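Since we're looking at a predicted model, the values are computed, not measured.
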Amino acid sequence: MDPSNNKKMRFGDIMVNGGLISATQLQQALEYGKGKGVKVGEALLELGFVDEVAIARVLSKQLNIPYVDLDKIVIDPELAQTVPEIMARKNKVLVLGKRQEEILVAFADPLNIFAIDEVKRCLKGNLLTCVAVQSKLVSAIDRVYSKKIIPEQESPDSFEPESGEESIAVNVVNDLLLQAVRKGASDIHIEPSIDKMRVRLRVDGILRLAKEFPMDMHPVLISRIKVISQLDIGERRKPQDGRFEVPVSGREFDIRVSTLPLKNGEKVVMRLLDKSKVKVSLQDLGFEQEQQTLFEKHLAHPHEIMLVTGPTGSGKTTTLYAALNYINTIGKNIVTVEDPVEYELSGINQVQVNPKADLTFASALRSILRQDPDVVMIGEIRDAETAEIAIQAALTGHLVLSTLHTNDASGAIARLIDMGIAPFLISSAVGLVLAQRLLRLLCPKCKKSFSPPASLQEELGLKFDPERIFYKTVGCNNCENTGLKGRVAIYEVLPVTKGIEDLIMAKASSHEIMAQAVSEGILSMRQSGIRKMLAGTTPLDEVLRVSLEE
């Protein structure tokens with residue numbers, strides 16, 4: 001049976017007819033999918049009503065097509081690659097075999113008649129359509145096309161390992177990149193020791209052991225990474241920085257590479273920057289509604305400084321990029337100075353800091369101000385000189401966005417004063433300070449509810465409610481038994497009001513400034529986290545881990 005002949009069959013109806021879900025669950029999934037902007041199949045999975053294997057088997061039975069377990073077959077890469085990689089990834093389709101005039105093709109969604117027609121035109125033959133589990137199909141596509149994942153850039157005399165070692169190194173690097181992308185890792189750490197080489201992945205802000213290799217593998221693997229990053233493979237005594245671009249699982253990644261000489265060899269860290277995330281919007285970040293409204297209001301101000309604070313890895317750059325996307329119009333000249341430029345933003349002029357060429361934040365900022373900017377984004381205010389120029393830019397009619405490394409929003413004021421900036425300049429130029437942290441989210445497939453005791457609710461400043469529900473971590477295959485999957489930001493948005501200005505002029509402490517802000521009704525970091533917890537998206541211990549005591 002060819003599913004392309006069943007144009008009127010709907011996925012949800014097939015699931016109901018197959019007895020996999022009820023009509024009520026289908027309606028819930030449709031409403032959930034509409035709100036989240038996902039298809040009904042993804043909605044059913046996220047709600048935990050079905051699993052991928054059950055979906056594939058019901059589609060197989062209802063459409064009368066074969067179900068294929070990709071774990072139990074051997075795939076011929078040469079045959080599979082008769083379909084171009086971009087088509088295979090877009091349509092989630094893989095050629096599995098060929099007999100006489102029939103070509104066996106696995107689809108994750110055999111109801112997608114457009115995908116079937118596109119593959120038919122490509123292969124120019126009769127398709128024997130089958131269905132496979134989507135996650136297994138995507139993994140198989142990664143394996144089949146992995147040899148094409150990294151372009152060969154090395155010259156013949158730049159890297160000459162022993163026979164067979166080069167191809168092993170290529171495969172290991174490819175496998176590490178694929179594994180990192182599948183797990184949503186932000187960084188890959190390759191660390192040498194006395195007897196083995198350890199590879200760890202930073203997933204949701206936490207390092208996890210991925211693989212271990214014998215130390216014999218270390219030199220050839222490091223050489224491979226250096227070659228594709230255009231680093232000096234002969235230099236092992238000094239740190240080096242490089243980069244390369246690569247498509248992984250259908251997405252474009254910019255990989256930043258850093259080497260560091262250790263006693264037992266060089267450590268390499270590869271940071272994965274997903275270019276598809278460059279168009280992030282403010283709505284995606286995790287603001288509470290009143291915080292987002294206040295933030296957007298200040299983004300409309302023509303001249304002031306808006307500061308984003310928090311430790312390294314708390315998502316400050318993502319917030320700034322989302323702000324730039326929000327205000328980016330044809331009528332504004334937006335210029336940034338960054339170290340490094342993490343993502344390329346369309347329609348925005350981005351300057352890369354280069355200390356070797358004496359292009360620092362301060363010197364770049366002086367030049368930018370002669371370029372008639374409307375908005376200036378400074379990657380980080382690191383010294384008094386940069387801070388002074390930024391403040392003068394705001395006072396002369398520019399909107400300035402930047403970051404500071406402080407623990408909370410009120411601490412940014414004290415930091416500027418410590419730099420030697422006069423309080424009257426700070427109160428005149430700074431319009432809003434935002435502090436943020438990243439919370440790990442509960443795994444939607446295994447989180448477990450419980451009724452918190454009255455003492456716990458009162459300790460969190462909540463009025464006791466016997467029907468209130470909290471959630472805790474459990475652990476399953478979906479979250480690698482951590483109980484947590486994904487992250488979201490929580491914020492503390494502090495506008496510089498008249499009351500705050502008076503305290504700045506009096507050189508008040510950060511605690512006094514924060515107390516004034518709370519009395520004026522701002523939502524603290526802890527309160528933002530508690531709201532996320534009450535919404536069932538994060539556990540209490542995560543809120544306590546990232547938010548400060550008040």
A.B. asks: Nearest 0.5 Å, please: how far is CD in Q527 from CG in L460?
C.D. replies: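 CD of Q527 is found 11.5 Å from CG of L460.
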
A.B. asks: Do N349 side-chain atoms and I334 backbone N/O form a donor-acceptor pair below 3.5 Å?
C.D. replies: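 Present.
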
A.B. asks: Please answer whether the main-chain N or O of P192 pairs with a side-chain N or O of N264 as donor and acceptor at a distance below 3.5 Å.
C.D. replies: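 Pair absent, no side-chain N/O of N264 close to backbone of P192.
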
A.B. asks: Would you say CG of D195 has more than 12 non-hydrogen atoms from neighbouring residues, nucleotides or ligands within 6.0 angstrom?
C.D. replies: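 Enclosed: over 12 neighbouring heavy atoms sit under 6.0 Å from CG of D195.
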
A.B. asks: Check whether any side-chain heavy atom of T473 lies under 4.5 Å from a side-chain heavy atom of K447, and answer yes or no.
C.D. replies: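 No, too far: nothing below the 4.5 Å cut-off.
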
A.B. asks: Would one find more than 12 heavy atoms of other residues, nucleotides or ligands at under 6.0 Å from atom CD of E344?
C.D. replies: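 Atom CD in E344 is not packed in, count stays at 12 or less.
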
A.B. asks: Is a donor on one side and an acceptor on the other found under 3.5 Å between the side chain of N325 and the backbone of V280?
C.D. replies: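 Yes, because the side chain of N325 sits within donor-acceptor range (under 3.5 Å) of the backbone of V280.
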
A.B. asks: If every non-hydrogen atom of L26 is compared with every non-hydrogen atom of G12, which pair is closest and at what distance?
C.D. replies: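 Smallest heavy-atom distance, with atoms named: CD1-CA, 3.6 Å.
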
A.B. asks: List in chain and number order the residues that pass salt bridge (charged side-chain N to carboxylate O under 4.0 Å, His left out) with R202, two or more places apart in sequence or in another chain; answer none if no residue qualifies.
C.D. replies: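 Residues passing salt bridge (charged side-chain N to carboxylate O under 4.0 Å, His left out) with R202: none at all.
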
A.B. asks: So that I can tick it off, tell me whether D204 and K183 are bridged by a salt bridge, with the cut-off set at under 4.0 angstrom between side-chain N and carboxylate O.
C.D. replies: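 Looking at D204 together with K183, the answer is no, because their closest N to O distance does not fall below 4.0 Å.
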
A.B. asks: Got L285 and T319 here, is their nearest side-chain heavy-atom distance under 4.5 Å?
C.D. replies: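 Counting from C-beta outward, L285 and T319 do come under 4.5 Å.
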
A.B. asks: Kindly write out the residues that satisfy salt bridge (charged side-chain N to carboxylate O under 4.0 Å, His left out) with K448, not counting sequence neighbours, or none if the list is empty.
C.D. replies: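 Residues passing salt bridge (charged side-chain N to carboxylate O under 4.0 Å, His left out) with K448: none at all.
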
A.B. asks: The test is side chain to side chain contact (heavy atoms under 4.5 Å, CB included); show your working for I188 and V269 and say whether it passes.
C.D. replies: CA-CA 6 Å; I188 303 172; V269 175; over 6 Å; no

A.B. asks: Is a side-chain donor-acceptor pair under 3.5 Å present for T293 with Q289?
C.D. replies: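 There is such a pair (donor and acceptor under 3.5 Å, judged by atom type) between the side chains of Q289 and T293.
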
A.B. asks: Does a side chain donor of either Q292 or E296 reach within less than 3.5 Å of an acceptor in the other side chain?
C.D. replies: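 Present: a donor and an acceptor within the cut-off.
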
A.B. asks: Return the set of residues passing side-chain hydrogen bond (donor to acceptor under 3.5 Å, both in side chains) with H218 (not counting sequence neighbours), or none when no residue passes.
C.D. replies: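 Listed in chain order: nothing, the list is empty.
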
A.B. asks: Which is it for D254 and R271 under the salt bridge (charged side-chain N to carboxylate O under 4.0 Å, His left out) test, yes or no, and what are the steps along the way?
C.D. replies: CA-CA 8 Å; D254 189 1; R271 169 155 290 186; over 6 Å; no

A.B. asks: Do you know the tightest heavy-atom contact between A412 and T309?
C.D. replies: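 So the two residues come closest at CB-CG2, 3.8 Å.
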
A.B. asks: List the steps and the verdict of side chain to side chain contact (heavy atoms under 4.5 Å, CB included) for L96 and V68.
C.D. replies: CA-CA 10 Å; L96 301 180; V68 177; 3.9 Å; yes

A.B. asks: Quick one: does S258's side chain have a donor or acceptor within less than 3.5 Å of a partner on D241's backbone?
C.D. replies: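 Flag not set: sc S258 to bb D241 has no pair under 3.5 Å.
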
A.B. asks: Identify whether the distance between the nearest side-chain nitrogen and carboxylate oxygen of R208 and E480 falls below 4.0 Å.
C.D. replies: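 Yes.
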
A.B. asks: Keeping the roles fixed (side chain from S223, backbone from P219), state whether a donor-acceptor pair exists under 3.5 Å.
C.D. replies: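 The answer is yes, because a donor-acceptor pair under 3.5 Å joins these two groups.
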
A.B. asks: Atom CD1 in I530, atom OG1 in T538: separation rounded to 0.5 Å?
C.D. replies: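 OG1 of T538 is found 11.5 Å from CD1 of I530.
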
A.B. asks: Tell me whether the count of non-hydrogen atoms from other residues, nucleotides or ligands lying under 6.0 Å of CG in L209 goes above 12.
C.D. replies: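 Yes, because the 6.0 Å sphere around CG of L209 holds more than 12 heavy atoms from other groups.
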
A.B. asks: In Å and rounded to the nearest 0.5 Å, what is the CD1 to CE distance from I255 to M270?
C.D. replies: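 The distance works out to 7.0 Å.
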
A.B. asks: Using a distance-only test with no angle check, is there a side-chain donor-acceptor pair under 3.5 angstrom linking S139 and D142?
C.D. replies: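 The criterion, which ignores hydrogens and geometry beyond distance, is not satisfied for D142 and S139.
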
A.B. asks: Compare all side-chain heavy atoms of M306 with those of F295 and state whether any distance is below 4.5 angstrom.
C.D. replies: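 Of all side-chain heavy-atom pairs linking F295 with M306, at least one is under 4.5 Å.
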
A.B. asks: Are the side chain of E266 and the backbone of L260 linked by a donor-acceptor contact shorter than 3.5 Å?
C.D. replies: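 Not at all, since once roles are kept as given, no pair shorter than 3.5 Å links the two residues.
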
A.B. asks: Counting only heavy atoms not in K34, do more than 12 fall under 6.0 Å of its NZ?
C.D. replies: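 Open.
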
A.B. asks: Taking side-chain hydrogen bond (donor to acceptor under 3.5 Å, both in side chains) as the definition, give me every residue that meets it alongside D284, ordered by chain and number, with sequence neighbours left out.
C.D. replies: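 Expected list: S281.
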
A.B. asks: For C446 versus G483, what's the shortest heavy-atom pair and its separation?
C.D. replies: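 Where C446 meets G483 most closely, the heavy atoms are SG-CA, 4.2 Å.
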
A.B. asks: Please test L439 against K532 for side chain to side chain contact (heavy atoms under 4.5 Å, CB included), starting from the C-alpha separation and ending with a verdict.
C.D. replies: CA-CA 9 Å; L439 281 177; K532 292 285 191 297; 4.3 Å; yes

A.B. asks: Of all heavy-atom pairs between C443 and C476, which one has the smallest distance, and what is that distance?
C.D. replies: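 That would be SG-SG, 3.7 Å.
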
A.B. asks: Just checking, is any N or O donor in the side chain of S528 or E492 under 3.5 Å from an acceptor N or O on the other one?
C.D. replies: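 Absent: no donor and acceptor within the cut-off.
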
A.B. asks: A side-chain contact here means heavy atoms from C-beta on lying under 4.5 Å apart; do M217 and V172 qualify?
C.D. replies: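 SC-SC contact between M217 and V172 confirmed.
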
A.B. asks: Hey, does H405 have a side-chain heavy atom less than 4.5 Å from the side chain of E380?
C.D. replies: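 E380 reaches H405 side chain to side chain.
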
A.B. asks: Suppose we screen for side-chain hydrogen bond (donor to acceptor under 3.5 Å, both in side chains). Which residues come up paired with E191, at least two apart in sequence or across chains?
C.D. replies: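 Residues passing side-chain hydrogen bond (donor to acceptor under 3.5 Å, both in side chains) with E191: R198, R200, K267.
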
A.B. asks: Going by heavy atoms in the side chains, are L324 and L401 under 4.5 Å from each other?
C.D. replies: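 Yes - at least one pair of side-chain heavy atoms lies under 4.5 Å apart.
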
A.B. asks: Is a donor on one side and an acceptor on the other found under 3.5 Å between the side chain of E542 and the backbone of R440?
C.D. replies: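 A pair under 3.5 Å: yes.
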
A.B. asks: If you take all heavy atoms of A169 and L221, which pair is closest and at what distance?
C.D. replies: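 Looking at all heavy atoms of both residues, the shortest contact is O-CD1, 4.0 Å.
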
A.B. asks: Look only at the side chain of K316 and the backbone of P311, and say whether a donor-acceptor pair between them is shorter than 3.5 Å.
C.D. replies: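 Side chain of K316 to backbone of P311, a donor-acceptor pair under 3.5 Å: yes, one is there.
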
A.B. asks: Tell me every residue that passes side-chain hydrogen bond (donor to acceptor under 3.5 Å, both in side chains) with K485, counting only those two or more places apart in sequence or in another chain.
C.D. replies: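 With sequence neighbours excluded, K485 shows a side-chain hydrogen bond (donor to acceptor under 3.5 Å, both in side chains) to no residue whatsoever.
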
A.B. asks: The test is salt bridge (charged side-chain N to carboxylate O under 4.0 Å, His left out); show your working for R526 and D408 and say whether it passes.
C.D. replies: CA-CA 11 Å; R526 174 66 59 85; D408 54 17; over 6 Å; no

A.B. asks: Please report the C-alpha distance between R89 and I86 in whole Å, then the side-chain angles of each, then the deciding distance to 0.1 Å, and finally whether the side chain to side chain contact (heavy atoms under 4.5 Å, CB included) criterion is met.
C.D. replies: CA-CA 5 Å; R89 293 189 183 281; I86 189 170; over 6 Å; no

A.B. asks: Is there a donor-acceptor pair under 3.5 Å between the side chain of D109 and the backbone N or O of L111?
C.D. replies: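 Between the backbone of L111 and the side chain of D109 there is a qualifying donor-acceptor contact (under 3.5 Å).
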
A.B. asks: Taking all non-hydrogen atoms of both residues into account, name the closest pair between V433 and A409 and its distance.
C.D. replies: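 So the two residues come closest at CG1-O, 3.3 Å.
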
A.B. asks: For the side-chain contact (heavy atoms from CB on, under 4.5 Å) test, which of V308, L434, L294 pairs with Y491?
C.D. replies: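 Exactly one pass, corresponding to L434.
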
A.B. asks: Donor-acceptor check, side chain of E338 to backbone of V351, threshold 3.5 angstrom: yes or no?
C.D. replies: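 Such a contact is absent between E338 side chain and V351 backbone.
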
A.B. asks: Nearest 0.5 Å please: distance from the CG atom of L534 over to the CZ atom of F470.
C.D. replies: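 The CZ atom of F470 is 5.5 Å from CG of L534, to the nearest 0.5 Å.
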
A.B. asks: Can you check whether Y471 and F450 have ring centres sitting under 6.0 Å from each other?
C.D. replies: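 Ring centroids of Y471 and F450 are no less than 6.0 Å from each other.
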
A.B. asks: For the CZ atom of R531 and the OG1 atom of T537, what is their distance to the nearest 0.5 Å?
C.D. replies: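 Going from the CZ atom of R531 to the OG1 atom of T537 covers 12.5 Å.
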
A.B. asks: Would you give the length of the straight line joining atom OH of Y343 to atom CG of L273, rounded to the nearest 0.5 angstrom?
C.D. replies: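 Nearest 0.5 Å value for the OH-CG distance: 4.5 Å.
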
A.B. asks: Side chains of Y32 and L44: does their closest heavy-atom pair fall under 4.5 Å?
C.D. replies: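 No; the side chains remain at least 4.5 Å from each other.
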
A.B. asks: With a 4.5 Å limit on heavy-atom distance, are the side chains of I348 and T336 in contact?
C.D. replies: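 Of all side-chain heavy-atom pairs linking T336 with I348, at least one is under 4.5 Å.
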
